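Bear in mind that the values here come from a model prediction, so they are computed numbers and not experimental data. Letters go in sequence order (proteins before strands), and every chain restarts at 1.
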Amino acid sequence: MEVSKGEILRVAGPVVTATGMHARMYDLVEVGEEGLMGEVIGIEGERAIIQVYEDTSGVRPGEKVVNTGRPLSVELGPGLLGRIYDGVQRPLPVLREMMGDFIRRGVSAPALDRKKKWKFIPSVKAGEKVSGGGILGEVQEAEHVVHRVLVPPNVSGRIKEIYEGEFTVEEPIGYFEDGKEIKMMHTWPVRFPRPAKERFMPDVPLLTGQRVLDTFFPVAKGGTAGIPGPFGSGKTVTQQQLAKWSDADIVVYIGCGERGNEMTEVLEEFPKLEDPRTGAPLMERTVLIANTSNMPVAAREASIYTGITIAEYYRDMGYDVSLMADSTSRWAEALREISSRLEEMPGEEGYPAYLAAKLSEFYERAGRVRTLCDKEGSVTIIGAVSPPGGDFSEPVTQNTLRIVKVFWALDAKLAHRRHFPSINWLNSYSLYVDTLRRWYEEKVAPDWGRMREEAMRILQEEAELQEIVQLVGSDALPEEQRLLLEVARMIREYFLQQNAYHEVDTYTPLEKQYEMLKSILKFYEYASRALQSRVPLEDILSLKSRVELSKVKYEKDYKEALKRIEEMMRKEYADLGVEV
Amino acid sequence: MIGVKEYRTITEISGPLLFLEKTEPVGYGELVYITLSDGTKKRGQVLDTSKDFVVVQVFEGTSGIDTGAAVRFTGETIKLPVSSDLLGRILSGSGDPLDGGPRIIPEDRWEITGSAINPWARDTPREFIQTGISTIDGMNTLVRGQKLPIFSGSGLPHNEIALQIARQAKVLGTEEEFAVVFAAMGITHEEAQTFMKDFERTGALERAVVFLNLADDPAIERLITPRMALTAAEYLAYENDMHVLVILTDMTNYCEALRQIGAAREEVPGRRGYPGYMYTDLATIYERAGRIKGRRGSITQIPILTMPGDDITHPIPDLTGYITEGQIVISRELHRKGIYPPINVLPSLSRLMDNGIGPGQTREDHKQLSDQMYAAYAEGVDLRGLVAIVGKEALSARDQKFLRFADLFEDRFVRQGREEDRSIEETLELGWELLAELPETELTRMDRETIEKYHPKKRRKNGDQRS
Ligand SMILES: Nc1ncnc2c1ncn2[C@@H]1O[C@H](COP(=O)(O)OP(=O)(O)OP(=O)(O)O)[C@@H](O)[C@H]1O
Ligand SMILES: [Mg+2]
């Protein structure tokens with residue numbers, strides 16, 4: 001591609017106008033004498049409008065702009081796992097080596113390590129014909145992750161030579177018959193979804209170890225979930241919990257316009273935590289994208305695309321990938337800021353009219369697919385939303401709700417009383433509940449669906465009764481209803497509340513979730529019978545087994561604990577003269 | 001060349017903005033000097049630059065400027081002369097000495113916009129700071145390198161609380177005192193006096209740098225005051241290995257200045273007229289708190305803001321809360337009840353609390369104790385609403401206990417003296433004492449071992465000799 005030069009006409013914050021460099025939309029350009037990284041995002045006649053991914057202070061009209069002729073792309077190949085990048089895939093550790101503790105501008109570094117050698121084992125032979133997305137061979141990228149080296153999606157040909165051995169990502173591992181080199185690395189433009197053969201209905205849950213999610217509002221592998229909530233309600237903690245404990249093969253975590261310290265926390269914690277399935281450090285299956293709130297806003301806009309493209313790449317190898325974006329609202333604000341500098345016609349609350357389209361394009365990149373290499377892979381997207389003033393009627397929340405299939409509504413009121421995760425069980429929903437029911441009933445227990453429904457019914461009834469209590473006090477209710485209120489409290493406190501910082505409570509295997517909820521419902525069943533035989537409610541509520549139930553979540557050896565409690569429960573009820 | 005040439009090509013003056021044409025190429029963000037016909041000098045900064053025109057925001061306001069004023073571009077962005085001699089000095093909102101002291105001889109000149117800390121270079125803040133205030137130490141713990149704002153309302157004692165924190169803050173086991181960088185934006189002379197008097201009384205001034213932009217100082221200058229202050233703080237923290245506590249007050253005035261610029265530029269406003277980029281702009285201030293790997297010093301930020309109409313959903317507290325690592329919320333209701341410090345713990349939060357508490361820092365029961373007190377107080381407060389409707393008699397015996405807990409909590413745990421410096425042990429013991437009023441079966445936030453070990457009744461039974 002021909003490189004052409006132009007000249008800056010105007011600089012206003014992150015938006016630069018230039019002329020004379022034969023720009024096409026989304027061309028990557030180098031802006032000014034320092035060669036700041038930018039992208040063409042608008043063309044008006046001779047003028048190109050460029051968003052610049054670095055601070056533009058001091059940049060002057062008249063300085064040069066060089067068009068690389070390439071679109072903004074990411075590097076894909078072995079060596080992505082365990083790394084941390086900024087929004088345009090610059091490796092942050094390398095940047096620190098090059099320019100110290102603060103991010104200065106005008107410095108670039110390749111995303112993939114150019115010196116590291118990987119042991120490549122081919123799975124194709126000379127003479128074979130390969131096509132886009134096909135598997136060329138394997139590299140052991142991490143202890144438990146095999147990196148399948150793929151033919152770039154838009155390439156095909158007959159292999160002339162292919163070698164086994166130690167290579168860097170740039171060295172040829174073979175040649176096509178037409179003489180083209182084959183490498184372990186390729187690039188892909190971030191704004192274009194990577195192709196797949198076919199899309200399936202997601203029908204397997206992404207298990208998270210979070211009780212309220214797995215039991216009540218599950219997301220499917222390849223599905224989409226939105227998690228809106230006011231500040232401090234638990235979006236980040238929930239997303240980090242998913243990044244830690246969800247049963248995905250690969251996790252892409254995007255800190256999009258949020259806090260620096262939150263990324264540091266992940267960086268410190270993940271290498272020490274073990275993947276519950278493999279025992280390997282969690283960091284080895286994780287890719288981090290950190291474009292914090294104080295980093296350039298245009299790179300924040302790009303970070304989402306950088307992340308999703310990396311996620312699709314691992315999907316294309318046949319992996320289940322989950323992607324967390326914290327927060328999509330900051331991404332939308334970046335869009336808004338750039339749009340307003342372009343003096344585009346503002347839509348609702350100043351957001352550009354294409355906000356909805358951009359959001360759905362992004363979430364559309366989730367899905368469960370048959371890959372070009374005939375494997376099954378998925379990308380699950382979980383996006384945090386930060387509505388101003390916690391008001392869900394604002395455009396980003398509303399547009400997200402129209403797209404995602406799972407809605408985890410965080411509630412400030414619950415957070416204030418330290419009910420965590422503060423997911424409101426009445427407002428939240430999962431459209432996957434019915435499709436996933438089969439899976440749960442096959443893999444966990446045949447009465448799963450019924451149990452979930454009963455617990456949900458109790459919680460809903462509680463909400464209705466609470467309205468009456470607000471008027472007359474709980475003492476005015478009949479005993480059965482007061483019992484229901486107590487059981488609802490048990491479901492809330494013993495089951496729904498889950499402390500992310502408690503060693504045991506932080507992760508609950510599905511089977512434990514089932515057993516816990518079942519015991520609470522059993523208590524309810526016995527208690528109802530006891531009421532019928534005229535046992536006073538106060539006596540039921542002061543049973544020791546009830547207190548014991550509240551502690552099960554902290555028990556590692558829950559089976560043993562539940563067995564003990566169940567015996568205790570039987571005995572206590574029998575002592576009250578109830579048949580059990 | 002640049003820096004020498006003066007232009008008299010102002011074509012338009014609009015609010016705090018100047019529009020010029022026919023200049024040499026001017027850099028975005030450049031510092032600008034404006035000389036009025038009467039010789040007065042003002043400073044400004046380039047907001048938009050092109051071959052045809054340049055837009056400059058003027059810090060001291062545009063009054064007195066006419067199209068004949070001379071404009072000089074300096075070719076560089078705004079810098080603060082930094083030196084360890086800054087300690088003990090009182091400066092204006094744009095960094096000029098106000099205390100009659102000598103000019104500061106710079107060891108270096110640092111750009112005030114600062115650069116983002118590379119997330120890879122950050123170190124997680126985790127050292128517990130004991131402020132001596134129970135509602136903070138016990139339930140919203142501050143750690144070194146955190147940004148924890150105070151959300152207040154007009155007429156509430158946020159300044160007293162900030163001062164009490166500044167006086168009492170210590171990291172247990174170290175003798176090192178905090179250096180204080182204090183930035184005032186648009187506060188009254190009287191408020192500023194409160195701070196200065198206290199600094200003098202306690203000798204804190206020697207270890208403080210003060211930047212003052214008062215209510216009658218130029219409004220647009222407020223946009224650079226916090227950045228000046230943070231640049232000074234970074235110099236002290238990262239070049240002189242100091243632990244710095246930065247107090248920024250009042251961020252509401254800062255945001256008003258930001259709104260004024262947005263309006264003058266005829267930008268499409270965001271919520272309630274504040275610019276759409278206010279989140280990002282505030283982040284470039286608040287994110288300058290933190291710790292950096294391999295460096296000794298740290299920056300802890302306590303921004304103060306008054307919520308217009310006591311409304312926590314107003315864009316200023318809202319966007320702040322989305323950036324900072326929690327918030328301490330001052331309550332008018334508690335203040336009316338005569339409780340000092342009137343901190344409402346329910347909407348308050350310290351997100352870094354879990355890093356700073358537990359064995360080795362405070363005590364192993366700290367987290368559970370705090371969670372339990374939150375839950376119990378929240379329940380008690382809810383019940384108050386019910387009592388107002390149905391009367392106390394309609395409450396169950398259980399509920400009455402929670403109601404009483406809420407009262408005790410406010411009266412004994414929240415309330416404390418202005419000079420009362422409670423140790424963390426005292427705070428935690430007080431918490432247990434109050435929780436012991438509730439039936440043990442209600443302590444659902446605690447595991448068995450914690451109750452066995454720390455519950456006052458158990459300890460008495462177990463013959464614990466804790467002093
Ligand atoms: N599951 C949980 N267990 C225990 N504590 C939690 C949990 N979820 C949230 N918290 C508490 O709530 C605090 C705020 O949560 P978090 O930082 O996730 O909020 P957020 O919604 O991301 O806020 P913001 O929009 O400002 O980023 C945490 O610091 C933690 O103290
Ligand atoms: Mg968050």
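B:Glu24 and A:Arg60 are not joined by a salt bridge, as no carboxylate oxygen comes within less than 4.0 angstrom of a charged side-chain nitrogen. Of the charged side-chain nitrogens involved, at least one lies within less than 4.0 Å of a carboxylate oxygen, so that B:Arg126 and A:Glu268 count as a salt-bridged pair.
Of the two parts of B:Lys293, the backbone and the side chain both hold a non-hydrogen atom closer than 4.5 Å to a non-hydrogen atom of chain A. For A:Arg489, the part lying under 4.5 angstrom from a heavy atom of chain B is the side chain only. Proximity to chain A is limited to the side chain of B:Ile451, based on heavy atoms less than 4.5 angstrom apart. Looking at B:Val26, the atoms closer than 4.5 Å to chain A (heavy atoms on both sides) all sit in the backbone: N, CA, C or O. Residue contact with chain A, scored on non-hydrogen atoms closer than 4.5 Å, involves the backbone and the side chain of B:Tyr277 alike.
Counting heavy-atom pairs closer than 4.5 Å to chain B, the top residue among A:Asp55, A:Asp475, A:Val11 is A:Val11. Between chain A and the residues B:Ala378, B:Ser115, B:Gly29, B:Gly326, the largest count of heavy-atom pairs under 4.5 Å involves B:Ser115.
Listed by chain and residue number, B:Tyr322 satisfy the ring-ring contact (aromatic ring centres under 6.0 Å, His included) test with A:Phe231 (two or more places apart in sequence, or in another chain). Among residues two or more places apart in sequence or in another chain, the side-chain hydrogen bond (donor to acceptor under 3.5 Å, both in side chains) test is passed with A:Thr56 by none.
Put simply, CG on B:Asn118 and CZ on A:Arg90 are 9.5 Å apart, with the number rounded to the nearest 0.5 Å.
Each of A:Lys553, A:Glu493, A:Arg492 was checked for a side chain to side chain contact (heavy atoms under 4.5 Å, CB included) with B:Thr444, and the lone residue meeting it is A:Glu493.
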